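These numbers were taken from a predicted model, which means no experiment stands behind them.
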Amino acid sequence: MATFSILGDLVSQVGSDRIDLAVLVGADIDAHTYQPKPADARALAGAQALVSNGLGFEGWIDRLAKAAPFKGQAIVASAGVATLQAAPTAGHSHARGPDSHCWQDVGRARQYVANIADGLAKADAANANHYRERGQLYDQRLAELDRWVKAEIAKVPAGQRRAITSHDAFGYFASAYGVQFQSPRGFTTDSEPSAKDVAALIRLVREQKIKALFVENTSNPGLVNQIAQESGAVVGPRLYSDALSAPGGPAATYEAMMRYNVTALVAGMLKN
C-alpha cells in the first residue's frame, strides 16, 4: 500500500510484478485534505507493507494505521532525507516545521527509492535481490533525469528564474535548481491566505514583471487567476506537485511529471 500517487509510482518502479500495489490517494487528488474511508482501513489491515511520505504530509495516516490495524512493514520514504524548513508566508512568520515535498528535488527522490527498495526487501525477503536491483536501475534513470532538469533550467537567465504557484510545494525544487517561487498559500492546500498576502503577491508580480503563473492539478485556480487578472500576467499550464495525472495524462509517472513541469516552467520563465 502506498499513501498517494507519486509514491505509488516509485513503489511500482521498484516492485514491478513482484508486488500487488494499492494506492490510497489516487491521481489528481490532494493528499493534504484527503478523508480516509472505512474501505481504506480494511485494505490496509491486509497489507504486508505501507509506504508513506512522512514529515506530516499525510496527517491522517497514523490514525488510519491504528484503526486498521496495520501490522506490516512501515516504510517511510523520506527517512534520512535532508529536509528544509517550510518558508513562512506573509503574515505567518513563525516556524512551521519541515517542508514535506522532498520529491520535487530528484536528488532527494533517489533517497526515497533507496528507502523503498530496502523496505520491500525486508517485507519480502524472498525477492530482496529483485527489489535492490530494480532500485539501482531506477536510481540510474533518476540521476539522468536530475542532470536533464539542471540543463533545462540553465536555459533561463538567472534573473528570470521566478514563478508564482498556487501553493508552496516547490521549496526543494527551488533549492536544488535555483528557481524562486512565490505562492499565496502555505505548504498545505488547506491554508488560506489573507487579502494582504494576495495584494502583496499582485504587487510583486507587477514590480518584477513575473509572467510565469501556474496552478497545480490539486489546487483551486481561483487565487492564481485573480493574481493574473489584477497584475496583467498570464496563467500557464497546470503543474503537478502533490499528485500525478491519470494514466494517459501528461504526468502519469514521476519521471513524466518532472519533465512536464520543467518544460512548462522553462517556457513560462523565458517570457519574463
Side-chain angles (χ1 to χ4, degrees), residues 1-27 29 31 34 36-83 100-146 242-248 251-258:
M1 183 81 74
T3 51
F4 69 111
S5 58
I6 294 170
L7 274 191
D9 180 58
L10 301 186
V11 174
S12 72
Q13 298 293 338
V14 175
S16 66
D17 60 353
R18 305 296 168 91
I19 62 170
D20 180 13
L21 176 67
V23 177
L24 285 167
V25 185
I29 300 174
Y34 183 71
K37 302 180 285 294
D40 295 335
R42 290 194 294 274
L44 186 53
Q48 281 179 269
L50 169 64
V51 184
S52 64
N53 184 76
L55 302 174
F57 181 74
E58 313 96 331
W60 39 267
I61 192 59
D62 290 342
R63 294 191 307 275
L64 180 63
K66 190 175 178 182
F70 171 67
K71 293 187 169 66
Q73 178 80 33
I75 304 167
V76 179
S78 66
V81 174
T83 58
S100 58
H101 304 81
C102 310
W103 62 85
Q104 290 294 344
D105 168 12
V106 181
R108 286 173 166 92
R110 293 172 68 186
Q111 180 64 49
Y112 275 39
V113 169
N115 289 336
I116 289 165
D118 271 353
L120 293 181
K122 287 175 187 165
D124 178 20
N127 287 302
N129 287 340
H130 173 81
Y131 301 133
R132 293 206 165 99
E133 285 167 13
R134 292 275 307 182
Q136 287 165 3
L137 287 170
Y138 189 38
D139 180 72
Q140 290 168 18
R141 297 211 319 261
L142 293 184
E144 175 54 39
L145 176 64
D146 196 38
D242 293 2
L244 299 178
S245 68
T253 67
Y254 173 72
E255 290 172 90
M257 178 189 82
M258 293 302 293

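Remark: M257 CE to I6 CD1 distance equals 4.0 Å, nearest 0.5 Å. To the nearest 0.5 Å, atom OH of residue Y131 and atom NZ of residue K122 are 14.5 Å apart. The structure places CZ of R141 at 5.0 Å from CD of Q13, a figure rounded to the nearest 0.5 Å. Here OG of S52 is found 9.0 Å from CZ of F70. Values are rounded to the nearest 0.5 Å. Note that CG of D242 is 7.5 Å distant from CD of Q104, once rounded to the nearest 0.5 Å. A distance of 14.5 Å separates CZ in R108 from CG in L142, rounded to the nearest 0.5 Å.
The two atoms that bring A31 and W60 nearest to each other are O-NE1, 2.9 Å, heavy atoms only. For the residue pair S78 and N53, the shortest heavy atom distance occurs at OG-O, 2.6 Å. The shortest non-hydrogen separation linking S16 to H130 is OG-NE2, 2.8 Å. The two residues A47 and M1 make their nearest non-hydrogen contact at CB-CB, 4.1 Å. Taking both residues in full, the closest heavy atoms of I75 and A49 are given as CD1-CB, 4.1 Å, listed atom of the first, atom of the second, then distance. Here the shortest heavy-atom pairing between A123 and Q48 reads O-NE2, 3.9 Å.
With a 6.0 Å radius and a threshold of 12 heavy atoms from other residues, nucleotides or ligands, D17 has its CG atom above the threshold.
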Solution key, residues 113-120 side-chain donor-acceptor pairs under 3.5 Å, sequence neighbours excluded:
unit_1 : atom_1 : unit_2 : atom_2 : d
N115   : OD1    : Q111   : NE2    : 3.1
N115   : ND2    : A77    : O      : 2.8
N115   : ND2    : A79    : O      : 2.8
N115   : ND2    : Q111   : O      : 3.4

Stepwise side-chain contact (heavy atoms from CB on, under 4.5 Å) test for L24 and I61: CA-CA 10 Å; L24 285 167; I61 192 59; 4.2 Å; yes
From CA spacing to verdict: side-chain contact (heavy atoms from CB on, under 4.5 Å), E255, Y138: CA-CA 10 Å; E255 290 172 90; Y138 189 38; 3.5 Å; yes
Step-by-step side-chain contact (heavy atoms from CB on, under 4.5 Å) determination, V106 to M258: CA-CA 8 Å; V106 181; M258 293 302 293; 3.8 Å; yes
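Looking only at distances, no side-chain donor or acceptor of R18 sits under 3.5 Å from a matching main-chain atom of N127. Within the 3.5 Å criterion, the main-chain N or O of L244 finds a donor-acceptor partner in the side chain of S5.
The aromatic rings of W103 and F4 lie tilted to each other, with the angle between the two planes from 30° to 60°.
Side-chain contact annotation: E58 with T3, donor-acceptor N/O pair under 3.5 Å present.
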